[in-house]
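Because the structure is predicted, anything quoted here is derived from the model rather than measured.
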Amino acid sequence: MSRAPSRRLKRSTRALSAAAALGGAVALILTGAGPASAAPPAPDQPVRQGHAWMGAGTRIEQGPASAAAGVTPMDTSGVQGIDVSHWQGTINWGSVKAAGIDFAYMKATEGTGFKDSSFNANYTGSYNAGLIRGAYHFARPDISNGATQAGYFASNGGGWSRDGKTLPGVLDIEHNPYGAMCYGLSTTQMRTWINDFYNTYKARTTRDVVIYTTASWWNTCTGNWTGMATKSPLWVAHWGTTSPNIPSGFPTWTIWQYTATGRVSGVSGDVDRNKFNGSMTRLQALANNTA
């Protein structure tokens, strides 16, 4: 009998701690407040509004275990790239280039009102270091139509110029890290949203937007739609495997994000590693719109 009060006290303490943690998580989501971090939130922690990154939804879908799975030597052959956001902090782009990285994408915008705080430094720094680089937009189909977000992206870093160093912009559309997997849209609505984004971006830049997604998300949330297969190059995310699953309709991948826990000299901590499906000449052709 003497142990019962102690067990009840421990259970009460644990309950209070859990409630406090939940309250803090809700506060982060609602206010966007919280301490600055040099690394993305842990897998069991919420993503602050406006602070998602390429792979934030993929982590929910595929799990941290697949992100940490070992990569084979074949993965790191060929034309290699990384994608970054403010979560990587200050990057030494000269060291990144010296480490054998030829291209990079960096987050520019999210939704209709968030611009990544490190975008300007990353976009300029990678260019000056000799990388071929481009920008991506983290899609938020739950807060506006696709045309509005494409316009915001094109006006805030997602533009294009034929300089041999600028890749077409990317529509990063993946599992929603803030809520419902498909952002509350039906498959028909999602198809319309993506098509409107594509049309507006092309009208603004003359380029076909690259689509970053996963096979699971695309097939579920667009209903196995094949309508973008002949329009947009595919950037597929599939971690911890030697061959990625391809979304419906796409004949193959142009870029493959094969791990979210890569390491590269010049970048602190984990970074997404990517591979281009072709030679350096073909990557330059993609940049110059001669592919």
Side-chain angles (χ1 to χ4, degrees), residues 36-41 47-48 50-59 79-111 113-140 149-150 152-174 177 201 205 207 209-210 212 235 237 254-255 257-276 280 283-284 286-287:
S37 174
V47 178
R48 291 188 292 157
H51 288 253
W53 65 96
M54 183 175 281
T58 304
R59 182 180 64 172
V79 180
Q80 291 286 307
I82 59 174
D83 59 85
V84 299
S85 68
H86 72 278
W87 290 110
Q88 275 71 42
T90 301
I91 297 174
N92 184 328
W93 286 104
S95 295
V96 170
K97 178 64 176 176
I101 301 300
D102 292 311
F103 70 97
Y105 269 101
M106 51 280 308
K107 182 181 179 181
T109 52
E110 177 177 339
F114 292 97
K115 184 173 180 178
D116 192 87
S117 58
S118 295
F119 173 73
N120 289 336
N122 287 333
Y123 203 65
T124 302
S126 58
Y127 180 93
N128 290 338
L131 282 82
I132 300 177
R133 52 49 165 147
Y136 76 83
H137 172 81
F138 194 93
R140 292 294 307 277
Q149 292 191 34
Y152 180 70
F153 176 45
S155 296
N156 291 279
W160 176 77
S161 59
R162 193 188 299 274
D163 56 7
K165 291 287 191 69
T166 304
L167 292 162
V170 174
L171 171 62
D172 174 359
I173 190 154
E174 56 184 295
Y201 184 79
T205 66
R207 296 304 308 269
V209 70
V210 177
Y212 168 97
W235 185 345
T254 297
I255 302 174
Q257 185 187 79
Y258 58 82
T259 183
T261 55
R263 292 300 176 100
V264 173
S265 178
V267 183
S268 298
D270 293 340
V271 65
D272 298 337
R273 292 290 301 262
N274 302 280
K275 182 176 180 176
F276 178 73
M280 188 64 184
L283 180 66
Q284 292 168 337
L286 178 62

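- At a threshold of 4.5 Å between non-hydrogen side-chain atoms, the residues Phe276 and Thr254 count as touching.
- Remark: side-chain polar atoms of Gln149 are paired, donor with acceptor, to backbone N or O of Arg140 under 3.5 angstrom.
- Heavy-atom minimum distance, Gly158 versus Thr205: O-CG2, 4.0 Å.
- Residues Tyr152 and Lys115 have side chains in contact (heavy-atom distance under 4.5 Å, counting atoms from C-beta outward).
- The minimum heavy-atom distance linking Ala135 with Gly157 is given by the pair CB-O, 3.3 Å.
- Ring geometry for His137 versus Phe153: interplanar angle of 30 to 60°, hence tilted.
- In this structure, the side chain to side chain donor-acceptor pair (under 3.5 Å) partners of Asp270, at least two apart in sequence or on a different chain, are Arg263.
- Interatomic distance, Arg59 CZ to Trp53 CH2, rounded to the nearest 0.5 Å: 4.0 Å.
- Listed for the Glu174 side chain is a donor-acceptor partner under 3.5 Å among the backbone atoms of Gly55.
- Residues passing the side chain to side chain donor-acceptor pair (under 3.5 Å) test with Ser95, sequence neighbours excluded: Asn92.
- In terms of heavy-atom proximity, Asp116 sits nearest to Ser85 at OD1-CB, 3.6 Å.
- Phe103 pairs in a side-chain contact (heavy atoms from CB on, under 4.5 Å) with only one of the listed residues (Asn274, Leu131, Ile82), which is Asn274.
- Pairing each heavy atom of Ile132 with each of Ala287, the nearest pair is CG2-CB, 4.1 Å.
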I'd like a table of donor-acceptor pairs (distance under 3.5 Å, sequence neighbours excluded) in which one partner is a side-chain atom from residues 117-124, with atom names and distances.
| unit_1 | atom_1 | unit_2 | atom_2 | d |
| --- | --- | --- | --- | --- |
| Asn122 | OD1 | Trp93 | NE1 | 3.4 |
| Asn122 | ND2 | Ser118 | O | 3.3 |
| Thr124 | OG1 | Asn120 | O | 3.1 |

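- Contact of the Glu110 side chain with the His51 side chain is not registered, since no non-hydrogen atoms from C-beta on lie closer than 4.5 Å.
- Under the ring pair (Phe, Tyr, Trp, His ring centres under 6.0 Å) criterion, Tyr136 pairs with no residue, sequence neighbours left out.
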If you apply the rule side chain to side chain contact (heavy atoms under 4.5 Å, CB included), what do you find for Lys107 with Met54, and how did you get there? CA-CA 8 Å; Lys107 182 181 179 181; Met54 183 175 281; over 6 Å; no

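- Closest of all the heavy-atom pairs between Val264 and Ile101 is CG1-CG1, 3.8 Å.
- Taking the six-membered ring for Trp and thresholds of 30 and 60 degrees, Trp235 and Tyr105 have ring planes inclined between 30 and 60 degrees apart.
- Evaluation of the side chain to side chain donor-acceptor pair (under 3.5 Å) rule for Lys165 yields no partner, not counting sequence neighbours.
- Proximity of Leu167 to Leu286: side-chain heavy atoms (C-beta onward) are separated by under 4.5 Å at one or more points.
- The minimum heavy-atom distance between Trp160 and Arg207, with the atom names listed, is NE1-NH1, 3.1 Å.
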Go through the steps to decide whether Val271 and Val84 satisfy the test side chain to side chain contact (heavy atoms under 4.5 Å, CB included), and finish with yes or no. CA-CA 7 Å; Val271 65; Val84 299; 3.9 Å; yes

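- In this structure, Lys97 contributes its side chain and Asn128 its backbone to no donor-acceptor pair below 3.5 Å.
- Considering only residues two or more places apart in sequence or on other chains, Gln257 meets the side chain to side chain donor-acceptor pair (under 3.5 Å) condition with Asp83, Tyr212, Trp239, Asp272.
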